[in-house]
Amino acid sequence: QVQLMESGGGSVEAGGSLSVSCTASEDTSSVWMTWFRQAPGKEREGVAAASPGSTITYYADSVKGRFTISRDRVKNTVNLLMNSLKPEDTAVYYCAAGFLENWSQPFVLGGENYQSWGQGTQVTVSS
């Protein structure tokens with residue numbers, strides 16, 4: 001099973017930018033890599049997803065135009081650049097890698113989706 005390690009994150013004021021990265025222990029070029037987040041008291045939600053080869057990307061409506069997901073095939077990393085951050089973006093951000101049952105629904109959890117998860121990294125946005 002692929003091991004995932006997130007890095008980056010931290011604290012920033014509203015309107016600022018942060019980036020988080022996720023490094024995989026082995027080749028992930030054939031699987032989806034996706035960022036989820038979970039705020040206190042809320043369910044985990046999908047933020048941004050990139051297909052194998054990054055031919056398809058998805059973004060949650062709440063982050064469209066502000067967040068950008070990118071993959072580096074050589075380094076086996078997936079990055080999330082977050083601009084114009086808002087207090088409601090505060091959450092633990094998780095990286096996930098794996099296959100999807102339905103390529104049009106990358107944010108569905110459970111079932112056969114996503115076989116590997118990182119331990120998460122905190123992003124805090126103050127107002």
Side-chain angles (χ1 to χ4, degrees):
Q1 190 173 12
V2 176
Q3 302 298 313
L4 302 175
M5 179 68 72
E6 297 99 340
S7 60
S11 298
V12 69
E13 292 186 351
S17 298
L18 282 175
S19 64
V20 289
S21 294
C22 173
T23 301
S25 60
E26 56 189 77
D27 181 20
T28 53
S29 60
S30 64
V31 300
W32 283 77
M33 295 198 78
T34 298
W35 286 97
F36 290 83
R37 68 185 181 187
Q38 188 166 17
K42 295 188 177 181
E43 294 186 350
R44 192 169 297 190
E45 63 176 359
V47 176
S51 69
S54 297
T55 54
I56 304 170
T57 56
Y58 285 99
Y59 293 92
D61 289 341
S62 59
V63 307
K64 280 181 182 176
R66 300 189 297 121
F67 289 13
T68 303
I69 188 171
S70 62
R71 300 179 62 161
D72 187 321
R73 180 177 179 176
V74 174
K75 296 181 180 179
N76 287 324
T77 60
V78 60
N79 305 301
L80 185 67
L81 175 61
M82 303 176 286
N83 295 321
S84 302
L85 282 161
K86 304 175 181 180
E88 51 264 43
D89 294 318
T90 296
V92 177
Y93 283 70
Y94 297 91
C95 171
F99 299 102
L100 288 183
E101 293 181 329
N102 185 336
W103 277 36
S104 65
Q105 296 179 319
F107 298 147
V108 172
L109 293 172
E112 298 297 321
N113 289 353
Y114 300 111
Q115 293 73 43
S116 298
W117 289 83
Q119 78 279 17
T121 186
Q122 177 71 44
V123 170
T124 302
V125 184
S126 59
S127 58

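Keep in mind it's a predicted model, so treat the numbers as computed, not measured.
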Looking at Ser116 and Gln1, what are the two nearest heavy atoms and their distance?
OG-CG, 3.3 Å
Checking the side chain of Glu6 only, and the main-chain atoms of Cys95 only, is there a donor and an acceptor separated by less than 3.5 Å?
yes
Report yes if some heavy atom in the side chain of Ile69 is under 4.5 Å from a heavy atom in the side chain of Met33; otherwise report no.
no
Which atoms form the tightest heavy-atom contact between Val92 and Gly120, and what is the distance?
CG1-CA, 3.8 Å
When you measure from the side chain of Arg71 to the backbone of Ser54, do you find a donor-acceptor pair of N or O atoms at a distance under 3.5 Å?
no
side-chain contact (heavy atoms from CB on, under 4.5 Å) between Tyr58 and Ser104, worked out
CA-CA 9 Å; Tyr58 285 99; Ser104 65; 4.0 Å; yes
Please step through side-chain contact (heavy atoms from CB on, under 4.5 Å) for the pair Asn76 and Thr23, ending with a clear verdict.
CA-CA 6 Å; Asn76 287 324; Thr23 301; 5.5 Å; no
Sequence neighbours excluded, which residues qualify as side chain to side chain contact (heavy atoms under 4.5 Å, CB included) partners of Glu26?
Val2
Not counting sequence neighbours, which residues clear side chain to side chain contact (heavy atoms under 4.5 Å, CB included) with Glu45? List them please.
Arg37
Exam field: side chain Gln122 to backbone Gly9, donor-acceptor pair closer than 3.5 Å
no
Taking side chain as C-beta onward, heavy atoms only, is Ser21 less than 4.5 Å from Thr77?
no
Trp35, Tyr94: one ILVMFWY side-chain cluster at the under-4.5 Å cut-off?
no
For Glu13, does the CD atom sit with more than 12 other heavy atoms under 6.0 Å from it, leaving out its own atoms?
no
If you look at every heavy atom in Val20 and Gly8, which pair is closest and at what distance?
CG1-C, 4.0 Å
For Phe36, enumerate each residue passing the ring pair (Phe, Tyr, Trp, His ring centres under 6.0 Å) test, keeping only those at least two apart in sequence or located in another chain.
Tyr114, Trp117
Under a 4.0 Å threshold between the charged nitrogen and the carboxylate oxygen, would Lys64 count as salt-bridged to Asp61?
yes
Does a side-chain heavy-atom distance below 4.5 Å link Thr68 with Tyr59?
yes
Flag yes if Leu18 and Val63 sit in one hydrophobic cluster, no otherwise; membership is Ile, Leu, Val, Met, Phe, Trp, Tyr, and two members link when side-chain heavy atoms are under 4.5 Å apart.
yes
Would you say Glu101 and Val108 make side-chain contact, with heavy atoms under 4.5 Å?
no
Quick one: closest heavy-atom pair of Ala60 and Gly46, and the distance?
CB-O, 3.4 Å
For Cys22 and Leu4, which heavy atoms make the closest approach, and how far apart are they?
SG-CB, 3.9 Å
Heavy-atom distance under 4.5 Å between the side chains of Met82 and Asp89, does that happen here?
no
Joint cluster assignment, Leu81 & Val125, ILVMFWY side-chain distance < 4.5 Å
no
What distance separates Phe67 CZ from Ser19 OG, expressed to the nearest 0.5 Å?
11.5 Å
Which heavy-atom pair separates Ser29 from Pro52 by the least distance, and what is that distance?
O-CB, 3.3 Å
Does the plane of the ring in Trp32 sit parallel, tilted or perpendicular to the ring in Trp103? Use 30° and 60° as the thresholds.
perpendicular
